[in-house]
Amino acid sequence: MNQINPALERILVSEEEISQRVIELADQISEDFKDVKRLYIVGILKGAFIFMADLTRKLSIPHVVDFMALSSYGKSTESGAVRILMDLREPIENQHVLIVEDIVDTGQTLQYLNRILMGRNPASLHTCALVRKVGQSVNIPVDYLGFDIPDVWVVGYGLDYADKFRTLPYVAELKRDSF
Ligand code: IMP
Ligand code: MG
């Protein structure tokens, strides 16, 4: 594709790079959890829905999917305090849990989720994110990471700006004058 939306600066991660990396991550996760009865996979709405769908369909181990919706207070391009809008359907006590996030920016959301879910006594808790921006203020490890990207606003493959651009097949930088 030669033309991209004029609101976009450039493609940072192409469709091909994403699909290749999703297979690698799914293989790694399938290997690491091959001995667990089932993996309880928690997708964080809305941003993770596409990544979650692609990743889980490449897994070769037993798993179930569930979702949480979070909201951060503040403007659309700022991270802030977090609250739960929709919680998990089941208790996760003694379950092996994998959080699937679209993006780690400051790391606040993942840190908050970790704290909340650890409090429910899972058998294990791991994290997976498609992309991570450089220079988080919170140092939170990501067990399964797709790509490191520069500290710019990105959209596509689930990621939005004001709920737009989520279904682009790639991850692209939004032009500064678009927000
Ligand atoms: P954090 O808490 O600062 O790590 O921010 C995480 C959340 O902010 C993500 O789950 C996204 O919803 C949102 N976010 C941060 N940066 C971006 C971006 O570049 N594009 C779209 N959403 C973003
Ligand atoms: Mg999000």
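Atoms within each ligand, like the ligands themselves, are counted from 1 in listed order.
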Report task. State which residues pass salt bridge (Lys or Arg N to Asp or Glu O under 4.0 Å) with Arg176; sequence neighbours excluded, sorted by chain then number. Result ->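 Expected list: none.
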Per-atom contacts of ligand 1 with [X], taking only distances under 4.0 Å to non-hydrogen atoms:
X: Glu101; result: 10 (O)
X: Leu159; result: 21 (C), 22 (N)
X: Val152; result: 19 (O)

Query - Check: Pro6 main-chain N/O paired with Lys175 side-chain donor or acceptor under 3.5 Å - result: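 Here the side-chain-to-backbone pair exists.
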Query raised in the report: To which of Leu174, Asp102, Val154 does the heavy atom nearest atom 19 (O) of ligand 1 belong?
Result: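 Ranked by closest heavy atom to atom 19 (O) of ligand 1, first place is Val154.
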**Report entry** side-chain contact (heavy atoms from CB on, under 4.5 Å), paired with Ile44, selected from Asp102, Leu113, Val100, Leu110
**Finding:**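 The passing option is Leu113.
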Query raised in the report: Between Asp105 and Arg132, is the closest basic N to carboxylate O distance under 4.0 Å?
Result: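 Here Arg132 does not pair with Asp105 in a salt bridge, since their nearest N and O are not under 4.0 Å apart.
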Query raised in the report: If you measure every N/O of Gly107 against every N/O of ligand 1, is any gap under 3.5 Å?
Result: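 Min N/O separation from ligand 1 is below 3.5 Å for Gly107.
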Just distance, no hydrogens or angles: give the donor-acceptor pairs under 3.5 Å from side chains in residues 84-92, sequence neighbours left out.
from  : atom 1 : to     : atom 2 : distance (Å)
Asp87 : OD1    : Arg120 : NH1    : 3.1
Asp87 : OD1    : Arg120 : NH2    : 3.2
Asp87 : OD2    : Arg120 : NH2    : 2.8
Glu90 : OE1    : Arg38  : NH2    : 3.3

